[in-house]
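We count residues from 1, following the sequence as given. Basis for what follows: all heavy atoms, side chains included, without hydrogens, waters or symmetry-related copies.
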Amino acid sequence: MLHIKPIISSLLRSKSAPVLLLLQIMLSVAIVANASFIIHERLTMMQRDSGYAEEQIFKFNVYNFDPAIDNLEQNKIDQQILRSLPNVIDASSANMMPLSNSGWSDIYSDGPDAETAKQTPSFAFYLGSEHLLNTMGAKLVQGRNFRPEEMNDSLDDSGMLAMVSQPLAKAIWGDESPIGKVMYQGESPIEIIGVIEKLQGAWINSDNFEYSVMQNIDFGGQSANKTYMVRALPEHIADLEAVITKAFHAENPNRVIADFTSLSDLKKQTYSNHRLMATVLSMMVVLLLLITALGLTGMVMFNIQRRTKQIGTRRALGAKKRDIVSYFMVENYLICIAGGIIGGLLAMQLGQQLMTLYSLPTLPSVYPISAVVGLLLVTTLAVIIPAVRASSISPAMATRSV
């Protein structure tokens with residue numbers, strides 16, 4: 001039998017230790033539930049499919065110091081050099097790098113009149129040559145890519161075309177195909193000619209992270225300083241740094257080639273705070289569970305020492321070992337369940353506060369429930385060993401002074 005009533009009576013006679021343990025369990029459940037939810041959110045965020053061939057992409061910057069340089073022509077020459085190098089899959093100029101927390105954003109409108117036109121959500125705004133799509137490794141699911149003869153050199157040029165990410169297309173047009181639709185950048189019309197399955201932006205915490213546009217502007221010719229994006233197999237990337245630097249200096253020595261960075265390294269750097277948070281919270285969860293388990297173990301061991309004669313007497317009166325073990329296990333479960341129920345309610349309230357203060361999603365009830373179940377498992381392991389030892393107390397040893 002469980003003998004719940006005498007166990008509760010015993011706990012009420014010595015309130016301080018059970019009450020402190022109850023408070024500890026309540027706080028542990030509340031904190032562990034919310035911490036586990038935040039860890040899951042961060043891990044899910046870091047594992048999002050970007051749509052890019054992340055391990056194959058790197059970028060570098062070119063700083064030109066020749067005042068006589070023709071930027072437009074030099075940009076075309078540089079891209080030809082890159083694409084002609086061995087082990088280079090493709091290359092393009094680029095105005096920004098994805099997943100970098102830095103870049104360009106813009107909005108379109110559905111008409112030239114700013115007063116009556118409806119604006120789109122903001123999106124990441126990628127500019128590059130007709131090779132940018134393949135360089136990124138992105139997948140076109142509707143329409144087509146830019147043709148070489150369609151490329152512009154400036155935002156002021158006419159004949160603007162764009163490819164949009166599928167999430168942005170759905171946000172603007174729903175299930176209707178965007179191909180052939182005309183949007184406006186100020187008074188300049190832009191025809192939508194393609195839809196890219198996935199094209200994440202630069203700002204990983206943005207609500208519009210999945211909204212991106214690629215426009216037919218080879219931006220590398222706009223400035224003496226340029227950024228180029230290159231795609232190659234991972235095993236060739238390290239060697240290409242020296243090869244590219246040598247090839248560019250052979251063509252024009254009056255410039256600096258620097259800042260070689262892979263997209264995977266950029267992503268790791270951008271997500272570093274989220275990774276750190278997940279690590280710290282994981283350590284905190286383990287520490288809280290360990291402290292709670294040690295607290296229960298300590299209470300059981302103290303109760304064993306305090307009740308040695310009582311245990312021995314019960315054994316002498318015919319109590320079996322499993323009765324002694326079940327006594328301490330039920331005592332543990334009563335405290336854990338009571339603390340878990342109150343802690344679960346506290347966890348939901350704490351989740352509401354975090355949702356208000358930090359724009360987190362609502363805490364699903366599965367997390368408090370899982371925290372309570374996990375705590376029961378941990379405390380069972382913590383209590384069962386001293387409980388088994390208590391059941392092994394000899395009646396003769398326990399009642400020797402009676």
Side-chain angles (χ1 to χ4, degrees), residues 51-52 57-67 69-83 88 90-108 122-138 140 144-165 168 183-186 188-194 196 199-203 211-231 244 248 251-252 255-261 263 266:
Y52 305 108
I57 299 171
F58 67 95
K59 69 93 176 178
F60 66 94
N61 295 330
V62 179
Y63 304 96
N64 290 295
F65 297 101
D66 185 351
I69 194 171
D70 183 336
N71 290 318
L72 289 174
E73 186 62 27
Q74 188 66 60
N75 174 54
K76 294 176 182 177
I77 292 171
D78 288 345
Q79 291 187 67
Q80 290 172 356
I81 291 173
L82 286 172
R83 289 191 283 270
V88 170
D90 213 338
S92 173
S93 64
N95 67 321
M96 60 181 281
M97 285 294 288
L99 312 175
S100 63
N101 267 348
S102 176
W104 292 35
S105 66
D106 206 340
I107 55 172
Y108 286 161
S122 64
F123 49 76
F125 190 49
Y126 291 103
L127 307 177
S129 72
E130 71 275 14
H131 293 268
L132 183 59
L133 181 69
N134 186 51
T135 302
M136 288 179 162
L140 195 66
R144 63 175 179 86
N145 191 10
F146 308 127
R147 301 187 181 107
E149 64 272 15
E150 294 172 333
M151 295 308 302
N152 290 322
D153 297 315
S154 167
L155 288 165
D156 298 325
D157 291 345
S158 59
M160 288 297 178
L161 306 173
M163 294 180 285
V164 299
S165 65
L168 178 60
M183 302 300 286
Y184 288 84
Q185 205 169 33
S188 302
I190 300 105
E191 182 184 353
I192 309 301
I193 64 167
I196 303 169
L199 195 71
Q200 290 182 342
W203 305 274
Y211 297 168
S212 298
V213 167
M214 193 180 295
Q215 200 160 306
N216 61 330
I217 301 173
D218 189 347
F219 196 71
Q222 289 295 297
S223 169
N225 301 325
K226 315 173 192 304
T227 296
Y228 291 109
M229 191 185 300
V230 182
R231 182 179 176 189
I244 289 171
F248 271 44
E251 200 284 324
N252 187 338
R255 49 187 179 170
V256 173
I257 318 300
D259 306 325
F260 284 84
T261 309
L263 181 58
L266 272 176

Nearest 0.5 Å please: distance from the [atom1] atom of [X] over to the [atom2] atom of [Y].
X: F123; Y: I107; atom1: CZ; atom2: CD1; result: 7.5 Å
X: E251; Y: Q80; atom1: CD; atom2: CD; result: 10.0 Å
X: D157; Y: S188; atom1: CG; atom2: OG; result: 10.0 Å
X: L263; Y: Y52; atom1: CG; atom2: OH; result: 8.0 Å
X: T227; Y: M97; atom1: OG1; atom2: CE; result: 9.0 Å
X: E73; Y: D78; atom1: CD; atom2: CG; result: 10.0 Å

Applying side-chain contact (heavy atoms from CB on, under 4.5 Å), run through Y126 and V213 and close with a yes or a no. CA-CA 6 Å; Y126 291 103; V213 167; over 6 Å; no

For the residue pair [X] and [Y], what are the closest heavy atoms and their distance?
X: Q200; Y: L99; value: OE1-CD2, 3.3 Å
X: Y63; Y: N225; value: CA-OD1, 3.2 Å
X: A202; Y: S102; value: CB-O, 3.5 Å
X: M96; Y: A124; value: CE-CB, 4.2 Å
X: G159; Y: N216; value: O-ND2, 3.1 Å
X: Y211; Y: S165; value: CA-OG, 3.6 Å

Apply the test side-chain contact (heavy atoms from CB on, under 4.5 Å) to residues S100 and K59: give CA-CA distance (whole Å), side-chain angles for both, the deciding distance (0.1 Å), then the verdict. CA-CA 12 Å; S100 63; K59 69 93 176 178; over 6 Å; no

With the side chain counted from C-beta on, respond yes when [X] and [Y] share a heavy-atom pair under 4.5 Å apart, and no when they do not.
X: F260; Y: V230; value: no
X: N145; Y: M163; value: yes
X: Q215; Y: N152; value: no
X: N75; Y: Y228; value: yes
X: V256; Y: F65; value: yes
X: M136; Y: I196; value: no

Would you say the side-chain atoms of Q222 pair up with the backbone N or O of F219, donor to acceptor, closer than 3.5 Å?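 Flag not set: sc Q222 to bb F219 has no pair under 3.5 Å.
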
Counting distance only, does the side-chain N/O of S212 pair as donor-acceptor with the main-chain N or O of L199 below 3.5 Å?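 Confirmed, S212 side chain pairs with L199 backbone.
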
Hydrogens and angles aside, do N64 and Q74 bring a side-chain donor and acceptor to less than 3.5 Å of each other?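 No pair is found: no donor N or O on one side chain lies under 3.5 Å from an acceptor on the other.
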
Side chains of S93 and D218 only: does a donor on one sit below 3.5 Å from an acceptor on the other?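 A pair is found: one side chain offers a donor N or O, the other an acceptor, under 3.5 Å apart.
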
As a quick check of understanding, evaluate side-chain contact (heavy atoms from CB on, under 4.5 Å) for L82 and F248, giving each step before the final call. CA-CA 9 Å; L82 286 172; F248 271 44; 3.8 Å; yes

Out of L161, V164, L132, which one pairs with M214 under the side-chain contact (heavy atoms from CB on, under 4.5 Å) rule?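 One option only clears the test, and that one is L132.
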
side-chain contact (heavy atoms from CB on, under 4.5 Å), that's the test. Do Y108 and Q185 meet it? Break it down for me. CA-CA 5 Å; Y108 286 161; Q185 205 169 33; 4.0 Å; yes

Checking side-chain hydrogen bond (donor to acceptor under 3.5 Å, both in side chains) against D90, which of R231, H131, Q79 comes through?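 Single pass found, and it is H131.
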
